[in-house]
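In the text below, chain A, chain B and the rest are named by the order of the sequence lines, each starting its count at 1. Keep in mind that what you see is a predicted model, and the values were worked out from it rather than measured. Atom set for the values below is all heavy atoms of this structure, side chains included, hydrogens, waters and symmetry mates excluded.
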2 protein chains.
Amino acid sequence: MRTELAELALALFVERGYEDTTVEDIAAAAGLSKRSFFRYFPSKEDVLFGDVEDLADRVADAVRARPAGEEPWAVLHAVLREWEARIHAAQWDMAALRLIESTPALRARLHQRRDGMRDRISTALRERPGTGLDTFTADLLTACAAAAIDAATREWLRHDGTDDRGELVDRAFTMLAPGP
Amino acid sequence: MRTELAELALALFVERGYEDTTVEDIAAAAGLSKRSFFRYFPSKEDVLFGDVEDLADRVADAVRARPAGEEPWAVLHAVLREWEARIHAAQWDMAALRLIESTPALRARLHQRRDGMRDRISTALRERPGTGLDTFTADLLTACAAAAIDAATREWLRHDGTDDRGELVDRAFTMLAPGP
DNA sequence: GACGTACATGTCACTCGATGACATATGCTT
DNA sequence: AAGCATATGTCATCGAGTGACATGTACGTC
């Protein structure tokens with residue numbers, strides 16, 4: 001049902017635009033009442049953002065699981081390159097990404113998600129043994145990594161999904177690799 | 001009147017929280033009706049974000065005005081270091097920044113602003129004569145610069161505003177300086 | 001002084017997202 | 001059959017935001 005709602009919603013959003021599609025429209029398309037929609041998703045925006053609740057924690061765990069001596073930036077690169085695919089491509093097709101990219105309300109929600117993730121990842125980064133990373137640096141690197149993922153996605157959309165996402169992420173991370 | 005509304009709103013937000021303050025409360029505090037509030041500000045969130053409408057364009061102009069040979073990252077550093085003060089400190093005191101930082105809805109709005117600015121700045125960066133910057137690189141650098149500003153602000157808040165903002169921005173930009 | 005115009009504000013009604021309270025149905029378990 | 005959990009519907013309500021229309025107040029001009 002969740003999946004069905006999500007698919008119907010995306011179709012409607014693409015067809016008539018996000019703002020011009022009411023929650024009641026979506027619910028009706030699935031044969032539900034407005035109230036029931038909100039039992040599946042906490043908000044209209046969330047219908048597009050899959051079950052990314054625990055994802056932040058899993059990414060944070062991945063950060064903690066990286067080899068001990070690895071540089072922070074390399075850790076972020078490795079982890080996000082692997083998870084980026086699951087974050088985006090798995091659950092969102094290009095239509096959804098385009099929609100998000102072009103709808104302020106959805107971009108705002110995306111950022112909100114990122115913010116929550118950033119905190120957790122930044123903390124995980126600092127908790128890695130050995131590397132005495134201060135809060136500022138960890139926060140900065142993580143925010144920058146998020147910016148890299150974001151930029152890679154936008155570039156991917158600009159080229160209509162013909163580029164290799166992993167390679168774009170690599171380019172972004174390499175380009176920003178902090179100096180010694 | 002705009003200023004008065006903004007000040008009253010901030011006071012109320014700090015006192016009772018953002019969510020627990022209705023637009024009607026703010027309007028009433030200023031002796032206005034709810035409808036009139038929305039004649040001064042397009043949304044509840046905007047009451048905290050000053051007149052930053054044309055600011056993006058002015059920053060973009062500043063980017064275009066930088067010396068010809070300067071590296072893109074150095075351009076962003078120079079311009080944002082100068083404007084960061086005007087963006088933040090001038091119009092927002094620490095209470096407002098804290099409020100924004102701790103309220104998801106407001107952070108979302110802040111990101112929205114940043115997004116709009118990012119596009120303009122990224123374009124300006126590419127329009128600088130001489131530097132054949134591709135869209136991806138310009139976008140990436142700009143997004144990363146925004147992340148730097150953001151991280152600097154958070155660090156500043158963490159230290160209760162005792163740090164020198166300019167110096168924090170410098171540290172962030174230096175740390176991220178892209179390799180050759 | 002009367003008139004007209006521009007502007008700020010108020011009032012009313014409405015849409016839409018979101019939430020709480022309560023009722024109903026369906027199906028599974030004991 | 002009785003009991004219970006789950007899914008759903010209905011109703012009422014709040015708060016943000018918008019459109020339509022009225023009102024007041026100050027300014028000018030004739």
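Put simply, CZ on A:Phe38 is 15 Å from C1' on D:dG9, counting in whole angstrom units. Regarding A:Met1, its CE atom lies at a distance of 17 Å from the P atom of C:dT26, rounded to whole Å. D:dA16 atom P lies 12 Å from atom CG of B:Leu106, rounded to whole Å. In this structure, the CZ atom of A:Phe13 is 14 Å from the P atom of C:dC16, given to the nearest Å. The CZ atom of A:Phe37 sits 16 Å away from the P atom of D:dA7 (whole-angstrom rounding). Taking atom CD of B:Glu24 as the reference point, atom C1' of C:dC12 lies 13 Å away to the nearest angstrom. Spacing between atom CG of B:Asp20 and atom P of C:dT19 amounts to 14 Å, rounded to whole angstrom units. Between B:Ile26 atom CD1 and D:dG17 atom P there is a gap of 10 Å when expressed in whole angstrom units.
A donor-acceptor contact closer than 3.5 angstrom links the side chains of B:Thr22 and B:Asp25.
The side chain of A:Thr22 lies closest to C:dC16, out of D:dG17, C:dC16, C:dA18.
On a pure distance criterion of 3.5 Å, a polar donor-acceptor pair joins the side chain of A:Arg35 and the base of C:dG20.
Checking the phosphate oxygens (OP1, OP2) of D:dA7, no side-chain nitrogen or oxygen of A:Tyr40 falls inside 4.0 Å. Distances shown here put every side-chain N or O of B:Ser36 at or beyond 4.0 Å from the OP1 or OP2 atom of C:dT9.
In this structure, A:Phe173 and A:Trp73 have tilted ring planes: the angle between them lies in the 30° to 60° band.
Connection of B:Phe13 to B:Leu8 is not established within any shared hydrophobic cluster, with ILVMFWY side chains joined at heavy-atom distances below 4.5 Å, either directly or through further cluster members.
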- request: Could you go through the side-chain contact (heavy atoms from CB on, under 4.5 Å) check for A:Arg171 and A:Thr174 one step at a time?
  value: CA-CA 5 Å; A:Arg171 275 176 60 199; A:Thr174 309; 5.8 Å; no
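Along DNA chain C, the nucleotide nearest to A:Thr21 and the one nearest to B:Lys34 differ in position, and the one closer to the 5' end is contacted by B:Lys34.
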